[in-house]
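Quick note: numbers below take in every heavy atom, side chains included, and nothing from hydrogens, waters or symmetry partners. Bear in mind the structure is a predicted one, so any value in this text is a computation, not a measurement. Below, chains carry the letters A, B, ... as their sequence lines are ordered, and counting in each starts from 1.
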2 protein chains.
Amino acid sequence: MSRPSPAVSKKTVSRVINRSEFITDKTRQAVEQAIKMLGFVPNPQARALAFRRNFLIALLHDNPNAQTVLNFQQGVLDAIKDSDLALLVRPVDRGSDRLLDDVRVFLEKQRPIGAMLLPPISENDDLAALCENLGVRYVRVGSAPLDDARHCVSSNDREVVAEAVGKLVELGHRRIGFVRGPVGFRSAAERERGFHEALSKAGLTLPAGYSAPGNYRYAAGIEAGEALLSLAEPPTAIFCSNDEMAAGVMSVAYGKGIAVPADLSIIGFDDSPTATHIWPALSTVRWPIREMGVRAARILVPDFLDIGAKSSDEANVMASTFVERQSVAPPSR
Amino acid sequence: MSRPSPAVSKKTVSRVINRSEFITDKTRQAVEQAIKMLGFVPNPQARALAFRRNFLIALLHDNPNAQTVLNFQQGVLDAIKDSDLALLVRPVDRGSDRLLDDVRVFLEKQRPIGAMLLPPISENDDLAALCENLGVRYVRVGSAPLDDARHCVSSNDREVVAEAVGKLVELGHRRIGFVRGPVGFRSAAERERGFHEALSKAGLTLPAGYSAPGNYRYAAGIEAGEALLSLAEPPTAIFCSNDEMAAGVMSVAYGKGIAVPADLSIIGFDDSPTATHIWPALSTVRWPIREMGVRAARILVPDFLDIGAKSSDEANVMASTFVERQSVAPPSR
DNA sequence: CCTGTAGGAGACACCGGTGTCAAAGGCAAG
DNA sequence: CTTGCCTTTGACACCGGTGTCTCCTACAGG
């Protein structure tokens, strides 16, 4: 296997690698064969320097739910598997007053092709504007459209929550409690809207004290459960804004000797592992987070992914679904 | 604020940034001040090109437990927060026969400073050798020492499992079942050894059929629960190799009307969110995974972390702890 | 057969740092 | 004050690609 002297300049190789159109098929094929034969791998650092852009996707997140982050991450990785891209993970501190500066320094240093913003920080418009200014592509992931379609992947949480609560109504529940998500979270607001829509549609009102505050954590579920189940006339069903809080409510029910689902129906949101690990298994809303990761990547870097013209046709509102398990039954009284 | 003409060459700036010793304090301070004043941030891509090394740490994982991966990741990020390093996440497919090639290409392309190997792939000696050959520093995370101290962070799982099972014995349990982890996992083997040590120490033997296979998944817990709790003389306590399987066993107990902990004590391993979300809350072994992430970073890149000579003094076997909750009680008969 | 033209390929500078080695500067000794 | 040595600083090439501009070549048309 003789190694021929360089018949083409490195610039020509560069053209082949970057799919330049000013090159004949003959040359292209010759170079491609040589690349394959020699196992040549372009140095990404050199490319990054010349392009002033690193072939990376940054995942910026501040989501308390590990499963959500990792599932999304997995979706992104699925999508970029056969590309030249890699994934940089960057948790940020939503509460920090240096948030914007931190992210700015990070983006300026790493110069990723694009950034993905997971909720709840995806709801921060300043971050999106920062990406825009720095010339970093971005995609925001949310529970409802946050931006124009070029920058947003979302799911139809509101509708599905309404559907789930509608099922409770169909089963005969009239006293339905609600455990809210954290204040200021779009996802929480969407879930709450869906809940109220279902109630309105059924002509029901929310009795005083039937809506408890929460923050997506188990402990908040405990508190909410204590509050709701100590009422003189407690709800016969409770919709919790996420699974962790639903687990908290369920454990309070156990403590009080209230049987689930016989005496109390519970619905959660997320379809986290917890939903199937508790007993009875929790009816919940599955959020297609992994698929959203794939979709987000396709929106962010279609030019790196060898996908056809299809990409822009795909919906960027993904379908959440209500998953019925054993925590829901008709009211006992 | 006048911008003085360059009084020093860029090489001198480079020396300051890279903490070269061949530079006077006076020059160093002047340059440092200028850097701060101008907000100069060295371009990592250029440095990467010149150093032939990217200032990144790669996290290679194939762990089914999202919480574990994310906790570890968080620990690493805690440790490198104030450094110039960033974290690249790379899931790998343990089963793939191209595993080594995939990782090789990844490491050759990204050229990270170092790689962290999470279990179970940390148990793959070929991967460690590959890192060695490519000149990529590495740290292996395991349930027991896998390599010399320069390359390993582990925890004392075996001892703590023995301790936990010892507690069961102290409470009076004599018929103790075991749900195993996946075959070939070091972590599973360590937990099993700890279990058997405790039994031996107490002079107990494992009755036939008291050890059920498992794979760390909930469904395996269900199967194991069905098997163990259907025995003519079922165990009064079961140690499960992880929390998910413990949750499965617990749900089978519920289905059979067996009260936990009154009629059956259950212990898990991981202290995952599931452990506190199920009812009764699960006694389990907490694995200090986040702290291990910090420690792994200190072992991997002490020179980037502004830590004193202390680093090498720290133990690289971290302490797991037995967390007692409500799933354990004396046997009822 | 010669010339004009379009499009493919190459030369060279450049991206923003670091390695190497030579030069400059400071200080002590003569 | 001069010399010599050691330390600090600077000049320049280089890392491995890409952008720009120029040159060359093949082909069509006169």
Side-chain angles (χ1 to χ4, degrees), chain A residues 3-35 38-56 83-86 105-113 134-136 303-304, chain B residues 3-35 38-56 83-86 105-113 134-136 303-304:
Chain A
R3 186 178 152 292
S5 60
V8 298
S9 70
K10 61 178 185 175
K11 179 62 208 185
T12 300
V13 176
S14 167
R15 287 201 180 90
V16 171
I17 289 174
N18 292 294
R19 307 225 171 90
S20 162
E21 50 183 334
F22 303 112
I23 201 163
T24 52
D25 278 352
K26 186 162 156 282
T27 313
R28 180 197 309 282
Q29 282 163 21
V31 172
E32 276 171 354
Q33 195 189 332
I35 286 178
L38 300 169
F40 173 73
V41 176
N43 179 319
Q45 286 76 45
R47 301 185 79 199
L49 181 59
F51 276 129
R52 291 176 195 72
R53 199 98 275 172
N54 230 328
F55 291 83
L56 296 173
S83 74
D84 284 332
L85 301 169
V105 169
F106 174 75
L107 293 179
E108 281 179 347
K109 278 181 69 166
Q110 298 301 332
R111 293 175 185 258
I113 298 273
L134 294 177
V136 175
D303 41 340
F304 289 85
Chain B
R3 189 177 149 292
S5 59
V8 299
S9 69
K10 61 178 186 175
K11 180 63 208 183
T12 301
V13 176
S14 166
R15 287 201 178 89
V16 171
I17 289 174
N18 291 294
R19 307 225 172 89
S20 161
E21 51 184 332
F22 303 113
I23 202 161
T24 52
D25 279 350
K26 186 163 155 283
T27 313
R28 181 197 309 281
Q29 283 163 20
V31 172
E32 277 172 353
Q33 195 190 332
I35 287 178
L38 300 169
F40 174 74
V41 177
N43 179 319
Q45 286 75 46
R47 300 185 79 199
L49 181 59
F51 276 128
R52 292 176 196 70
R53 198 96 276 170
N54 230 329
F55 291 83
L56 296 173
S83 75
D84 283 333
L85 301 170
V105 169
F106 174 76
L107 292 178
E108 282 179 346
K109 278 181 69 166
Q110 298 301 331
R111 294 173 183 260
I113 298 274
L134 293 177
V136 175
D303 41 341
F304 289 86

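OP1 or OP2 of dT18(C) sits under 4.0 Å from a side-chain N or O of Asn18(B). Here Thr24(A) does not reach the OP1 or OP2 of dG8(C): none of its side-chain N or O atoms lies under 4.0 Å away.
For the atom pair CD1 of Ile23(B) and CZ of Arg28(B), the computed distance is 6.0 Å after rounding to the nearest 0.5 Å. Here the CG atom belonging to Leu85(B) is positioned 6.0 Å from the CD1 atom belonging to Ile113(B), to the nearest 0.5 angstrom. Annotation: the span from Arg52(A) atom CZ to Arg47(A) atom CZ amounts to 14.5 Å, rounded to 0.5 Å. Distance check: Asn43(A) CG to Leu49(A) CG gives 10.0 Å after rounding to the nearest 0.5 Å. Taking CD of Gln45(B) as the start and CZ of Phe55(B) as the end, the distance is 11.5 Å to the nearest 0.5 Å. Gln33(A) CD to Ile35(A) CD1: the interatomic distance, rounded to the nearest 0.5 Å, is 11.0 Å.
Atom-to-atom, CD of Gln45(A) to C1' of dT18(C) comes out at 15 Å; the value is rounded to the nearest Å. Atom CD1 in Ile17(A) sits about 6 Å away from atom P in dT18(D), given to the nearest Å. One atom, CG of Asn54(B), and another, C1' of dT18(C), lie 15 Å apart when rounded to the nearest Å. Rounded to whole Å, the distance from CZ on Phe55(B) to C1' on dG16(C) is 13 Å.
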Extract from the structure each pairing of a protein N or O with an N or O of nucleotides 10-12 of chain D at less than 3.5 Å, listing the distance.
| unit_1 | atom_1 | unit_2 | atom_2 | d |
| --- | --- | --- | --- | --- |
| dG10(D) | OP1 | Ala7(B) | O | 3.1 |
| dG10(D) | OP2 | Ser9(B) | N | 3.0 |
| dG10(D) | OP2 | Ser9(B) | OG | 3.3 |
| dG10(D) | OP2 | Thr12(B) | OG1 | 2.4 |
| dG10(D) | N7 | Arg15(B) | NH1 | 3.4 |
| dG10(D) | O6 | Arg15(B) | NH2 | 2.6 |

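Closest to the Asn43(B) side chain, of the nucleotides dA9(C), dG16(C), dG17(D), is dG16(C). Comparing atom distances between the Ile23(B) side chain and each of dT9(D), dT18(D), dG17(C) picks out dT9(D) as nearest. When distances are taken from the side chain of Arg47(A) to each of dG16(C), dT18(D), dT9(D), the shortest belongs to dT18(D).
Comparing the helix axis at one end of the helix from dC1(C)-dG30(D) to dG30(C)-dC1(D) with that at the other, each defined from 5 consecutive pairs, gives an inter-axis angle of 50° (nearest 10°).
Residue contacts for Phe22(B): at a heavy-atom cut-off of 4.0 Å it reaches a base atom on one of the strands shown. Within 4.0 Å of Leu49(B), counting heavy atoms only, lies at least one base atom of the nucleic acid.
Between Ala46(B) and Arg28(B), the one whose closest nucleotide on DNA chain D sits nearer the 5' end is Arg28(B).
By the neighbour-count criterion of 12 heavy atoms within 6.0 Å, atom CG of Asn18(B) is densely surrounded, having more than that number from other residues, nucleotides or ligands.
The nearest pair of heavy atoms linking Ile17(A) to Pro42(A) is CD1-CG, 3.7 Å.
Counting heavy atoms from C-beta on, the side chains of Thr27(A) and Thr24(A) come closer than 4.5 Å.
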